[in-house]
Amino acid sequence: MYTAKLLQLLQSFSAQEMKQLRKLVMQKADNKDVLTFFEQLYALYPNYSIENTDKRRVFKRMYPHQPYNDQRMRHLMAELQNLAENYLVGQTLEIEPFLHDKIMLRQYRKRNLTKLFDQQLRQLKGQLEIYPTRDETYYEASLLTDKEFNQYLKGKQLRTIEPNLQQLSNTMDQWYVVGKLKIFIEALNYQNLVTMEYNIRFMGEILRLIKEESYLEIPIIGLHYAALMTLLEPENGEHFNQLKQNLEEHNKILNGEDLDDLYTVARNYCIKKINQGHSAYIREVFELYRFELRHQKKQHITASTYKNIVTVAYSLHEYEFARQFIETYTPLLPEHSRLSNYQYNMARYRFVKGEYREVVGLLAQVDYDDVFLMLSAKALLLKTYFELQATDAFYSLTQSFRALLRNKKYINYHKRNYLNLLFYAEKLYSCSKRERSRIKDEILSVKELMDKDWLLEKCV
């Protein structure tokens, strides 16, 4: 039973959810044996194992004087799983905006309860009118509401009543445009990380429609359009400026996921510019991070965002901000990567403080499950060996690092940045003072170069 769907589901429950499920089982279970079965699993939660959840052993504890009955156990498992799923559906009805009202609107229409339908329709439209965010949830609820009203009017079978077709079409257009913009943005973002081809249809027509109609006046469309154009035309800085302005003006009307996605576009734009040698964008991305942290109460933070915030803080010599950020936000990282990211970023703090031997010790403890964390840690170790003038370790690392980069076929533009770092670090390590001036000119002309500022410092 350890691998059964029921136990996988129960293991995902929090302790509070298990308590609430227990109440539901006590109220709703038709068979008292289902409650007895649940109590067995409740007593073991969350420490389920192959041994303590073996079906025969559980059956023996429930019915010590009866022979094992597999069909009976399967029936109990199915009933309890059904109750657990019903609990989750009930929870969703409570927390999902408009879901309950949409379901009741449809039921009233199907049952031909005209007055109740009219009341529910007015209530739902009133809730949509005051809904604080204009996100995809809002447009989806609006679309489903207009669909139900259309079906309701058609059901009256009166030719003189216009069945809400124009409003339904307008709402569907807005919902569709938002959805397609978000998918296209996600596809372009992903292509910046790995080699992948997508065929996102109708985007040319949608972009033309947005320009010809007044869609840019709709905040969620204006925001995503600016984000998309930032990705499509990165050389045009006006798109990035428009995205920043829209985020400042409209950050309160979107949900957390939409905001995270849009901030990611803006940040990645800055980071790519920085990697191309445009150092002015370091301050831009730092201010984006600070604005986001001030205006969003984050419950969690990704390892890449955590690392990037520390990176730009160090680049701008905002060391105290970086230290406070590490201490405050480390607990919000995913548990499996929390320790490694803390050790790596504290190693960077030691590096900027000039405590190089401590850096080597901290990096030795980092677990390299994430390829981008691994690349960053190796680059930091390379710089540390350079500063320590640890010649054997330095050249050994350059060889293994270069081989690693050549074997990683899917890291896209990151590869050239790291290879250039290795090339110029080796040049500077063995060159004379007279040669450094020429190397500095080369470094200044290279766009795809990791740790460019550090290399320029070594040219002095």
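These values consider heavy atoms only, across backbone and side chains, with no hydrogens, waters or symmetry-generated copies.
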Taking all atoms of both residues into account, what is the closest heavy-atom pair of N52 and L44, and its distance?
O-CD1, 3.3 Å
Minimum heavy-atom distance A84-L21, with the two atoms named:
CA-CD1, 3.8 Å
Side chains of L363 and Y344: does their closest heavy-atom pair fall under 4.5 Å?
yes
Just wondering, do V265 and Y269 contact through their side chains at under 4.5 Å, heavy atoms?
no
According to the interplanar angle, ranging from 0 to 90°, do the rings of [X] and [Y] count as parallel (below 30°), tilted (30 to 60°) or perpendicular (above 60°)?
X: Y281; Y: H278; result: perpendicular
X: F13; Y: Y87; result: tilted
X: F321; Y: F286; result: perpendicular

Per the side-chain hydrogen bond (donor to acceptor under 3.5 Å, both in side chains) rule, what does the pair list look like for residues 218-235, sequence neighbours excluded?
E233-H239
Are [X] and [Y] in a cation-pi contact, defined as NZ or CZ under 6.0 Å from the six-membered ring centre and within 45° of the axis?
X: K244; Y: F291; answer: no
X: R267; Y: Y263; answer: no
X: K180; Y: F202; answer: no

Is the distance from the ring center of Y319 to that of Y349 below 6.0 Å?
no
When the aromatic ring centroids of Y289 and F325 are compared, is their separation below 6.0 Å?
no
Residues at least two apart in sequence or cross-chain that pass side-chain contact (heavy atoms from CB on, under 4.5 Å) with I282, listed by chain then number, are I274, S279, V312, S315, L316, D453
Residue set satisfying side-chain contact (heavy atoms from CB on, under 4.5 Å) with Y42, at least two apart, ordered chain then number -> M18, K19, R22, F38, E39
More than 12 heavy atoms of other residues, nucleotides or ligands under 6.0 Å from CZ of R294: is that the case?
yes
